[in-house]
2 protein chains.
Amino acid sequence: MTVPNVIPNGSLAASQLRVTPASPLFLREDEIRRGIELLYFGYTAMIRGADAILDAQGLGRAHHRALYFIARRSGLSVGELIGLLGITKQSLGRVLSELQARGLVEQMVGTADRRQRLLRLTTTGAAMEARLFAELERSMARGYAEAGQQAVSGFWAVLMGLVPPDDRARVEALQD
Amino acid sequence: MTVPNVIPNGSLAASQLRVTPASPLFLREDEIRRGIELLYFGYTAMIRGADAILDAQGLGRAHHRALYFIARRSGLSVGELIGLLGITKQSLGRVLSELQARGLVEQMVGTADRRQRLLRLTTTGAAMEARLFAELERSMARGYAEAGQQAVSGFWAVLMGLVPPDDRARVEALQD
DNA sequence: CCAGATATGTCAACATGACTGTCCCAAATG
DNA sequence: CATTTGGGACAGTCATGTTGACATATCTGG
């Protein structure tokens with residue numbers, strides 16, 4: 001690698017380096033790469049268990065994400081789900097119709113706005129989502145446990161810091 | 001949601017709940033879901049900037065991952081790269097031959113084992129990887145900065161906790 | 001030194017999940 | 001009533017993963 005080990009960055013908080021707190025900070029490339037790699041491998045590892053279940057059912061990650069958010073915000077509209085997933089109407093359309101065909105998801109006409117289709121899980125769908133969630137939970141709980149509760153707030157803080165400020169409200173909104 | 005708010009977990013460290021440290025711990029579902037969601041949205045957000053560059057070049061994330069790890073471990077073998085990416089030889093083959101055709105990656109016959117093809121970036125490839133890395137870095141540095149250095153070790157700790165113990169050595173090995 | 005294991009490459013077929021573009025309908029909104 | 005909005009449907013494309021089968025060069029153990 002020819003990229004220098006030390007990278008200038010205008011306005012960062014204190015790092016492990018011995019830098020006076022008020023000075024411009026230099027983050028070492030290794031620290032950045034470590035974050036990138038842990039994010040990649042950690043995310044992959046967390047998903048792995050659920051992937052196996054999905055595979056056995058002939059479903060994919062796209063189905064899981066839809067089930068997850070419908071479970072999380074029962075009664076959300078198709079448009080809201082599209083916004084959370086960040087995909088197009090056409091892409092979601094296929095996933096959603098498969099989930100409906102399997103009897104995992106059902107629609108209701110919106111009450112306030114009758115154009116909307118409000119989504120919720122069927123009993124079967126809720127059971128499936130619970131199985132998938134249990135896998136994610138097992139992994140995440142282990143991560144929390146191994147790191148300790150003190151680490152968890154740092155974990156949250158950095159991840160939220162990755163999300164562009166304009167998008168944060170949407171993420172926070174999931175926390176009821 | 002019909003899943004209970006409180007989930008039993010055998011052997012976890014202290015949480016925010018008022019639980020005596022030695023007792024079995026109960027992690028609240030919200031804390032788990034928050035981790036899952038932040039991991040999803042944070043990862044997506046970090047990648048976004050690089051995705052735009054890749055798109056403009058007609059490359060995809062698969063190419064980026066290959067470039068990233070070749071940059072990180074210059075001279076690694078095809079088999080090692082397959083192991084890091086967790087994909088099949090055939091999947092990597094396509095990506096790798098595209099990168100070679102574009103003059104971003106080159107191969108050398110292994111010295112110790114002449115069956116191996118050792119991979120490294122060309123000058124052009126290193127420049128491309130540096131551009132992509134700069135985007136990831138921008139995002140990650142902002143996350144670190146907003147959270148503060150103290151949070152970063154918690155961030156690392158939880159993510160490493162997500163990785164199954166057997167796989168951790170491989171992740172650590174990237175840190176030279 | 002030879003038989004078998006290993007590292008890599010390649011061809012072919014297929015599945016998933018994204019995309020764009022277009023057209024349509026029903027309901028809300030002004 | 002005209003326009004906008006929420007949603008559905010159809011068609012085609014692309015990126016990236018998969019299996020399976022086979023080839024070739026090289027290493028390694030008996």
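In what follows, every heavy atom counts, from backbone to side chain, and hydrogens, waters and symmetry copies are set aside. Here is the naming used below: chain letters follow the sequence lines, and residue numbers restart at 1 for every chain. The structure displayed is predicted, hence computed values, not measured ones.
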**Prompt:** Less than 3.5 Å between a donor and an acceptor, one on the side chain of B:R115 and one on the base of C:dT8, is that the case here?
**Reply:**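 No.
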
**Side-chain-base donor-acceptor pair under 3.5 Å for A:K89 and D:dG6** =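 Per atom types, no contact qualifies.
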
**Asked** Taking the six-membered ring of B:F133, is the NZ or CZ of A:R33 close enough (under 6.0 Å from the centre) and on axis enough (within 45°)?
**Response** yes

Distance check needed: [N] [atom2] versus [X] [atom1], whole Å only.
X	N	atom1	atom2	answer
B:R114	C:dT8	CZ	C1'	14 Å
B:E98	D:dC14	CD	P	13 Å
A:L118	C:dA27	CG	C1'	14 Å
B:I87	C:dA15	CD1	P	20 Å
B:Q100	C:dT10	CD	C1'	13 Å
A:L85	D:dG7	CG	P	13 Å
B:I47	C:dA18	CD1	P	16 Å
B:D55	D:dA15	CG	C1'	11 Å

Decide, yes or no, whether a salt bridge links [X] with [Y] under the criterion of side-chain N to carboxylate O below 4.0 Å.
X	Y	value
A:R138	A:E135	yes
B:D55	B:R61	no
A:R142	A:E137	no
A:R72	A:E129	no

For the side chain of [X], counting heavy atoms from C-beta on, which of [options] is nearest?
X	options	value
A:Q116	C:dA7, D:dG7, D:dT4	D:dG7
B:Q90	C:dA18, C:dA7, D:dT19	D:dT19
B:R94	D:dG8, D:dT16, C:dG9	D:dT16
A:V78	D:dG17, D:dG7, D:dT18	D:dG7
A:R117	D:dG8, D:dT16, C:dT20	D:dG8
A:D113	C:dT20, C:dA5, D:dG6	D:dG6
B:S77	C:dC19, C:dT8, D:dT26	C:dT8

**Asked** So does A:H63 get a side-chain nitrogen or oxygen closer than 4.0 Å to the phosphate oxygens (OP1/OP2) of C:dG17?
**Response**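 So the side chain of A:H63 is within the cut-off, an N or O lying under 4.0 Å from OP1 or OP2 of C:dG17.
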
**Message:** Please tell me if A:S91 has a side-chain N or O lying less than 4.0 Å from either OP1 or OP2 of C:dC19.
**Reply:** yes

**Request:** Map A:R61 and B:I82 onto DNA chain C by nearest heavy atom, then report which one ends up closer to the 5' terminus.
**Result:** B:I82

**Asked** Checking all strands, does A:G60 fall into the base, sugar-phosphate, or nothing category for heavy-atom contacts under 4.0 angstrom?
**Response**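 Sugar-phosphate contact only - A:G60 comes under 4.0 Å of backbone atoms but never of a base.
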
**Request:** Just call it for B:Q107: base, sugar-phosphate, or nothing, with non-hydrogen atoms closer than 4.0 Å on any strand.
**Result:** sugar-phosphate

**Asked** So which heavy atom on A:Q57 is nearest to which on A:R102, and how close?
**Response** O-NH1, 3.0 Å

**Asked** If you pin B:G58 and A:G93 to their nearest nucleotides in DNA chain D, which one's is more 5'?
**Response** A:G93

